[in-house]
Amino acid sequence: MTDYGQYSDSVRPDPSPQVIVWRTTEYEWHLQTLGLAKEYPDIFVLWLAFKPQLVIHKAEYAEVILNGMKHIDKSPDYKFLHPWLGTGLLTSTGDKWKSRRRMLTPTFHFNILHDFLHVFNKKSHILVEKLKDKAEKGGQFNLFQDIALCALDIILETAMGKVINAQSADSEYVHAVYRMSNLTDIRMRQPWMWPDILFNLSGPGREYDEKLKILHDFTNSVISDRLKDFDSIKSEMIRQEMSGEAGIGLRDKKVRLAFLDMLIFMSDNLTKLSFEDIREEVDTFMFGGHDTTAAGMNWAIHLIGADPECQAKVHEEIDSVFGQDDRDPTMEDLKELKYLECCIKEALRLFPSVPVFARTASEDIRLGKYTIPKDTSVLLLTPALHRDANVFPDPEAFIPERFLLENSRNRHPYSYVPFSAGPRNCIGQKFALLEEKTVLCHLFRKFTVKSCQTREELRPGSGGSPGMAVGYQIRGPGLESQSGPNQFIIAPLCPNST
Ligand code: HEM
């Protein structure tokens, strides 16, 4: 960590605004930091307890930090994730990160994503059936949790090959996943819980240990079972998938691969990756791969549901691709849904699922007129970056057309980075966009959505998630007669919006 004296000497010659913040809730943090970014359009320093963090939100500065291999290490805050994730891809540093990244990149190969489409479709059907039931009953319901469980169901099956039916069955593991993210957030916000000794003695610390045991026991047992099942046939299938050789025969195979299978394959009988190495990567995919897509989908649904003109375009596009055909979307179909993709990207601009991420300066850095000392934690505040009116005129407006190819061609490449950018960007980016598009395609094929709260009434919570309140009107061939104003369901406030 940068010590106060060094920090103030180096930055003060060109005084940067120094602000002391007390993070009470995620929502207050969101409002506070957006307000500060407006007030200080260049950079500012946040003091959380005795910890200075430099906040940037300009594309030129983001490029200096994210581009290239210099400032590749995360900030010390990520250590709060270590008990759960170990030092997997998200949290590792230096050579370990480099070799893991090289190793894991093929697991997101196009062919493998193609296979996951089957899972996305299957889980979307469960979601649609659940929503149909609720919509037909009328009354009020909250969409947020349904989407979140669908995203969790998807990552459970794609990461671990585990069918846990998170959307319909109660599961100790699912509860633990949610609570764990929550407890980590509570700790990060409260400096007196930073020292391990104090945290371990606190109520949240003791609960954290309980949940950690549930999570690790679950992952351990899934890996052990999978190791027992792993045979040479699977191994050959994976080799062909990863090398892009998989032919039609393999595409139709009954056994579907999960990330875990590929990790086991790469471990080469646990010589190149140990059991613990595999666990930290599976846990990392679980952590990075569900809250993020859930928040992205929830915001996209809310924003589309609040804009009838935009929704009409979404419906029109879906109808033009599928007509009366009830087939599951294929990769080719999804490629055609360009406007829907623009909606997803615009939602991620306004409400990025990872609203802040941080690196450690590996050497002194010059950002404009400021010299940033080595070892400073540099935070990139994406909600502010994405609201630069010079790049995105009328920045608060939801305008999906901004992301049509012809409108985004000349934009600064670091002005829009919901998945971060450069060599340490999100490895799951293509997976995430494909998942969101598939689920939303299913949803808007069957429903008209009406958002029942204003954007201001929804509060971004942990991980940028909104509290949701959305109404539905069932649509689709043969169902028109059910449509009508009474079919809209007004959802109650989500717990984190109160
Ligand atoms: C809308 C969905 C998603 C968003 C907005 C998102 C965003 C991000 C961002 C901003 C980072 C950089 C974080 C940092 O520097 O601290 C990141 C890293 C990462 N993401 Fe995602 N993510 C999404 C979905 C996913 C999915 C579905 C997976 C896995 C299946 C995933 C796996 C990862 C991993 C492993 C990293 C660490 C990469 C590295 O350090 O090399 N993400 N993501």
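First listed ligand is number 1; within each ligand, the first listed atom is number 1.
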d(D394 CG, R387 CZ) to nearest 0.5 Å is 11.5 Å

Where is the nearest protein heavy atom to atom 34 (C) of ligand 1: which residue, which atom, and how far?
I427 CG2, 3.8 Å

Kindly confirm or rule out a cation-pi arrangement of R187 over F199, judged by NZ or CZ under 6.0 Å from the six-membered ring centre and within 45° of its axis?
yes

For atom 24 (C) of ligand 1, closest protein heavy-atom neighbour:
T292 OG1, 3.4 Å

Considering distance alone, does some N or O of L89 sit under 3.5 Å from an N or O of ligand 1?
yes

What protein heavy atom is closest to atom 40 (O) of ligand 1, reported as residue, atom name and distance in Å?
R424 NE, 2.8 Å

Return yes or no for this condition: an N or O of Y78 is under 3.5 Å from an N or O of ligand 1.
yes

How close does the nearest protein non-hydrogen atom get to atom 26 (C) of ligand 1, and which residue and atom is it?
G289 CA, 3.5 Å

Among protein heavy atoms, which lies nearest atom 36 (C) of ligand 1, and at what distance?
L90 CD1, 4.0 Å

Are F431 and F120 an aromatic pair by the rule of ring centers under 6.0 Å?
yes

Does ligand 1 come near enough to K74 that some N or O of the ligand is less than 3.5 Å from an N or O of the residue?
yes

Among all protein heavy atoms in this structure, tell me which lies nearest to atom 27 (C) of ligand 1, with the distance rounded to 0.1 Å.
F431 CD2, 3.4 Å

So is T293 polar-close to ligand 1, meaning N/O to N/O under 3.5 Å?
no

Regarding K58 and D42, does a basic nitrogen lie under 4.0 Å from an acidic carboxylate oxygen?
yes

Testing the 3.5 Å rule here: is there a donor-acceptor pair between the side chains of D333 and T330?
yes

Quick one: which of Y178, Y78, W84 gives a ring pair (Phe, Tyr, Trp, His ring centres under 6.0 Å) with F287?
W84

In this structure, does ligand 1 have an atom that sits under 4.0 Å from one of the heavy atoms of E436?
yes

Numbering as shown, the atoms of ligand 1 that approach R101 to under 4.0 Å (heavy-atom distance)
38 (C), 39 (C), 41 (O)

Kindly confirm or rule out an N or O of W97 lying under 3.5 angstrom from an N or O of ligand 1.
yes

Salt bridge between K338 and E317, side-chain N to carboxylate O under 4.0 Å?
no

Going by the 4.0 angstrom heavy-atom rule, the piece of P418 near ligand 1 is backbone

Please write down residue, atom name and distance for the protein heavy atom closest to atom 6 (C) of ligand 1.
F419 CD2, 3.6 Å

Please work out whether any backbone atom (N, CA, C, O) or any side-chain heavy atom from C-beta onward of E435 is under 4.0 Å from ligand 1, and answer side chain, backbone, both or neither.
neither

Is the shortest distance from a heavy atom of G296 to ligand 1 less than 4.0 Å?
no

Considering only NZ, NE, NH1 and NH2 on the basic side and carboxylate oxygens on the acidic side, decide whether D153 and K122 come within less than 4.0 Å.
no

No-hydrogen, no-angle side-chain donor-acceptor test under 3.5 Å, D217 and Y173
no

Test item, N425 contacting ligand 1 (heavy atom, 4.0 angstrom)
yes

How many angstroms lie between CG in L212 and CZ in R179, if you round to the nearest 0.5 Å?
14.0 Å

Are F285 and F108 an aromatic pair, judged by ring center distance below 6.0 Å?
yes

Donor-acceptor pair, D115 side chain versus I112 backbone, under 3.5 Å?
no

Shortest protein heavy-atom distance from atom 12 (C) of ligand 1, along with the residue and atom involved:
S420 CB, 3.7 Å

Taking heavy atoms and a distance under 4.0 Å, where does F357 meet ligand 1: side chain, backbone, both or neither?
side chain

Could you give the distance from CG (L303) to CD (E346), rounded to the nearest 0.5 Å?
8.0 Å

Ignoring hydrogens, just give me the one of A159, G288, G428, C426 whose non-hydrogen atom is nearest atom 19 (C) of ligand 1.
C426

